[in-house]
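Before any comments, here is the structure.
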Amino acid sequence: MKYLVTSALPYVNNIPHLGNLIPVISADIYTRYLRLKGEKVLSVLGTDEHGTTTETIALKNNVTEKEIVDKYFKIHKEIYEWFNCDYDCFGRTSNNETKETVQEIFLKLKENNYLQEQEIKQYYDEKAKRFLSDRFIEGTCPHCKYEEARGDQCDACQKLLNPTDLIKPKSKLSDAEPVLKKTKHYYLKLNELQRELEKINKEEWTENAKSVTKAWFKEGLKPRAITRDLKWGIPVPEKGYENKVFYVWFDAPIGYIGITKEKRKDWEDWWFGKDVKLIQFMGKDNIPFHSIMFPASLIGRKKGFKIVDVIDANEYINYENTKFSKSRGIGVFGDNAKETGIEADIWRYYLTINRPETSDTTFTWEDLQDKNNNELLGNLGNLVNRTLSFIKRNFNSKTGRLKEKPELEVQEVLELYKKRNFKEALKKIMHLSKKANNEFQTREPWKTKNEDPEKCLADLTLIHNLIKKITVLIQPIMPNKADEIMTQLGLEKKYDLEVLKKDYEEIKIGKPKALFKKIETINELKNKYSPKKKCPLKIKVGKITNIKKHPEADKLYIEQVDIGDKKIQIISGLVEHYEPKNLLNKKILVVENLKPAKIRGEKSEGMLLAVQEKEKVGVLESSEDIGNIIEFEGYEETNQEIIDIKEFQKIKLFAKKNKLYLNEAKSSQNIKIDKEIKGVVK
RNA sequence: GCGGGCAUAGCUCAGUCUGGCUAGAGCGUCGGUCUCAUGAGCCGAAAGUCCCGAGUUCAAAUCUCGGUGCCCGCACCA
């Protein structure tokens, strides 16, 4: 039996965070375990480089797609290497072999009648001469009238849209007004492949993989488009498809094959071999691509490609009390982990002992510190150090003869590795380390060294061997630390079942050195990498440059307000409280990031802040410069996103004396309340 | 609105599919103890309404129904 191990190919638009690293490290651990057992194994990883997002970013930053993927490919590769992930094949889906394989599979799928062409209507940019994907279209949101809504979603009201919903659609490529035009796409007939897919043996899959896949089957598979109107991707080898590429979900998994083909002459032994077991690690969001789409493409190809045997899908790891988020920059990212000065193997330990195997788990900095200081240092590090320093000091750095066989329950750990229950395996290893400490304690070598030096040395030799066994077992998880320990033990850096079982005598040990450093600066790290607290409101100083009564309403004024970078129109119900001339040219406070609304037919693009105390209403004034943003203590950033009135009402605003309070946080700048009243701001 | 998931000790998590010892582990806390070791080690203890309620069963953390709270996906409305 041979083992082909993959980890989901990460998307290369950004830097991977700890959560993204889980499958990558898991596959590495499993590979190392298999090697330890002496199995033949090939591990494959790479970067997924095609897709809309890359094209969008390229457009936005005015660089080519190639430049972006080249940049991130390098970053990803370095990060995985830093985390001691040792893959046999590390490549990228933009390589030539993937292109060939994808096109070949496509042509044969067509020949085997698993593809169908379907015509749909889509927006077309006549200036740029191409079809536009949803994200390349901008226009006015039909719901909230926000003018820069994207074709797939409105940033202001968060509603999901179809590009055809947009009022006054505009192409992001050329500003031209796009026209609806017919376009054709190829669809993979998943429905016709469902029966074959259901036959795949799923016994060894993780529970989440089984249930997600089952849910798809229950719903009934439908044909799914495999082409898109984009230019960054693998070209479709077909007349009339010159301006189209394959959809990323179709080419990315084929990348496993393409990358193997690029790196290995014997690639066919792995992808067509009969005695191969394919084990794929991934996050839970990737399940359908590996349980349905990828196998469907391969089955439909009818060439005998290796179909997945094991899907190991992990749940998510959360950051402190929130989610990891690439787009919002929350969490620990690969490059941050390096900057902290905390070694890769410590991270590997943490991510494994807290691996989200059956449910989501939580990363906290404090937990990381505790685990390093109390478990790694206190238990394992201390065991190695106390043993080796003792041998060095009392026996001239040399172990002796054994009087009994060092026994340790290694089999259980190997079984847990085999089931890919790495978390439990590691817990068990730490338990073995504790037991070794216990041996040290109960044998009391510090007493026997004078009373019975021969027994003392035999005991230490025994513990020396226990440490060696523990080291071999922990090597898949902490490869660098394992090397360090082996060197200190005076043994070769070799990890296999023979080394695990053999007992070593009369070994000249290496130099004992502290294995782990105490982490004491965790609060600094926590502050450094915790999400900046965002002030939900963007409150600006503005000047009323014009004011008139709303023609359709008795209580409303229409004000033109200069807020520095632009002028906005605001409707407010101040007629009963102010004469227009008393408001004109006043410097007041407005909320700028409020969703625009029409009030009695007039547009209102913000809110003028005023305080109400019983019947009295006073506007908030400021002596700051026009356009200045009011800041609040404890908030480090200002929200740039538009919020709606409901959200606004949830925020507690209160004015007292010369300060404004937002959810109890005091404003940094002074304000003035007209009529010197205090109370709730509305 | 539809679908899915989660809720177990102070904290982080196992256990639930397949009902069954006294509900577990690590950390933390408290008590005791050793001195080889990086203020490390070892022994022990306390700590749980297994979210709430009902049902099935000889037996429920586990199965069924209802409720509450949180999360995710999809859709719709203004």
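Residue numbering restarts at 1 for every chain, and letters A, B, ... go by the order of the sequence lines. What you see is a predicted model; the values in this text were computed from it and never measured.
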- Check the distance between B:rG3's P and A:K214's NZ and give it to me in whole angstrom. 17 Å
- Query: Does A:K284 pair with A:D312 as a salt bridge, N-O distance under 4.0 Å?
  - Reply: no
- Taking atom C1' in both B:rU8 and B:rC58, compute the distance separating them and give it to the nearest angstrom. 25 Å
- Query: Which nucleotides of nucleotides 4-14 of chain B have their base under 4.0 Å from a protein heavy atom (B), which only their sugar-phosphate (S), and which neither (-), written as one string 5' to 3'?
  - Reply: --------SSS
- Task: Could you summarise the pairing of RNA chain B as dot-bracket text, marking Watson-Crick and G-U pairs under 3.5 Å with ( ) or [ ] inside the strand and | across strands?
- Result: (((((((..((((......[...)))).(((((.......))))).....(((((..]....))))))))))))....
- Message: If you take the centroid of each ring, where Trp contributes its six-membered ring, are A:Y350 and A:F363 closer together than 6.0 Å?
- Response: yes
- What distance, rounded to whole Å, do you find between the two P atoms, one in B:rG73 and one in B:rU57? 41 Å
- Beyond-backbone contact of A:Y319 with A:W365, side-chain heavy atoms, under 4.5 angstrom: yes
- Note on the structure: Of A:K371, A:E375, A:K481, the one forming a side-chain hydrogen bond (donor to acceptor under 3.5 Å, both in side chains) with A:Y349 is A:E375
- Query: To the nearest angstrom, how far is A:Y316 atom OH from B:rG73 atom C1'?
  - Reply: 10 Å
- Hey, does A:E207 reach any base, or is it just sugar-phosphate, or nothing, if we go heavy atoms under 4.0 Å? base
- Message: Could you tell me how far B:rA54 sits from B:rU49 if I compare only their C1' atoms? Round to whole Å.
- Response: 16 Å
- Side-chain contact test, heavy atoms from C-beta onward, threshold under 4.5 Å: evaluate it for A:P10 versus A:N20 and give yes or no. no
- Evaluate side-chain hydrogen bond (donor to acceptor under 3.5 Å, both in side chains) for A:S26 paired with A:R355, printing each intermediate quantity in order. CA-CA 9 Å; A:S26 298; A:R355 183 170 178 251; 2.9 Å; yes
- Query: Taking the P atom of each, how far is B:rG24 from B:rG31, in whole Å?
  - Reply: 25 Å
- Task: Taking atom P in both B:rA7 and B:rU62, compute the distance separating them and give it to the nearest angstrom.
- Result: 11 Å
- Could you measure between the two C1' atoms, the one in B:rC17 and the one in B:rG5, and give it in whole Å? 15 Å
- Where the side chain of A:N201 meets the backbone of A:E203, is there a donor-acceptor pair that is under 3.5 Å apart? yes
- Item | Under 4.0 Å protein heavy-atom contact, by nucleotide of nucleotides 33-44 of chain B - B base, S sugar-phosphate only | -BSBBB-SBSS-
- Item | Side chain A:T521, main chain A:E524, donor-acceptor under 3.5 Å | no
- Message: Quick check: do A:T206 and A:N314 have side-chain heavy atoms less than 4.5 Å from each other?
- Response: no
- Message: Taking the side chain as everything from C-beta on, heavy atoms only, tell me whether A:H464 gets closer than 4.5 Å to A:I509.
- Response: yes
- Message: Using atom C1' in both nucleotides, what's the gap between B:rG19 and B:rA59 to the nearest angstrom?
- Response: 8 Å
- Message: Please report the distance separating the C1' of B:rG3 from the corresponding atom of B:rG26, rounded so that it comes out in whole Å.
- Response: 37 Å
- Message: In terms of relative ring orientation, are A:Y417 and A:Y33 parallel, tilted or perpendicular, with 30° and 60° separating the classes?
- Response: parallel
